[in-house]
Amino acid sequence: MGRLSTHVLDTVNGRPAAGVAIALDAVLPDGSRSRVTDTVTNADGRTDAPLLSGVLPVGSYELTFAIGDYFRHLGAKLPEPAFLDLVPIRFAIAEPDGDYHVPLLASPWSYSTYRGS
């Protein structure tokens, strides 16, 4: 059985990013999106449950992380509008039984991701 998970690391403060709102959308062949789930990271910067589990539908997806709100909540001095507010990561699932982990390492000025395990 497959699984999709994520976590968020705050690279400015060197800790997990708790309280980050995350949306997962399926990206349909015509480019439109269908919301799969909304969640928020816990104290460990992870979601309490996998975003998807079981037989994963093959296709394109987009995770959107509300990084601007997270850093505003911490009191970071951000310009308005913030340089990074919503961070979208578009990726594809090709293996219905694969384990996909899509982490986000973020600051108010930069981010990176990779396919983790």
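Heavy atoms only: backbone and side chains are in, while hydrogens, waters and symmetry mates are out.
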Item to check | Shortest non-hydrogen contact between A18 and A43, atoms and distance | outcome: CB-CA, 3.8 Å

Checklist entry - Where the side chain of N42 meets the backbone of D44, is there a donor-acceptor pair that is under 3.5 Å apart? => result yes

Checklist entry - L52 and V27: same hydrophobic cluster, using ILVMFWY side-chain contacts below 4.5 Å? => result no

Could you pull out every donor-acceptor pair under 3.5 Å between side chains of residues 86-98 and any protein atom, sequence neighbours left out?
residue: R90; atom: NE; partner: E62; partner atom: OE1; Å: 3.0
residue: R90; atom: NH2; partner: E62; partner atom: OE1; Å: 3.2

Next on the checklist: For a 4.5 angstrom cut-off between non-hydrogen side-chain atoms, does T6 reach L51?
Outcome noted: yes

Checklist entry - Linking I/L/V/M/F/W/Y whenever their side-chain heavy atoms sit closer than 4.5 Å, directly or via other members, would F65 and L9 fall into one cluster? => result no

Next on the checklist: Counting C-beta onward and ignoring hydrogens, is there a side-chain heavy-atom pair between M1 and V55 closer than 4.5 Å?
Outcome noted: yes

Checklist entry - What's the shortest heavy-atom distance between A26 and V36, and which atoms? => result N-CG2, 3.6 Å

Distance-only criterion, 3.5 Å: show the donor-acceptor pairs between side-chain atoms of residues 66-85 and protein atoms not counting sequence neighbours.
residue: D69; atom: OD1; partner: R72; partner atom: NH1; Å: 2.9
residue: Y70; atom: OH; partner: D10; partner atom: OD2; Å: 2.7
residue: R72; atom: NE; partner: E80; partner atom: OE2; Å: 3.1
residue: R72; atom: NH1; partner: G68; partner atom: O; Å: 3.3
residue: R72; atom: NH1; partner: D85; partner atom: OD1; Å: 3.3
residue: R72; atom: NH2; partner: D85; partner atom: OD1; Å: 3.4

Item to check | Main-chain N/O of G19 paired to T41 side chain as donor or acceptor, under 3.5 Å | outcome: yes

Item to check | Atom pair CG (D48) and OG1 (T39), whose distance is rounded to the nearest 0.5 Å | outcome: 6.5 Å

Checklist entry - In Å and rounded to the nearest 0.5 Å, what is the OG to CG distance from S53 to L4? => result 9.5 Å

Donor-acceptor list for residues 109-117 side chains, cut-off 3.5 Å, not counting sequence neighbours:
residue: S110; atom: OG; partner: S107; partner atom: OG; Å: 3.3
residue: T113; atom: OG1; partner: P103; partner atom: O; Å: 2.5
residue: R115; atom: NH2; partner: D99; partner atom: O; Å: 2.9

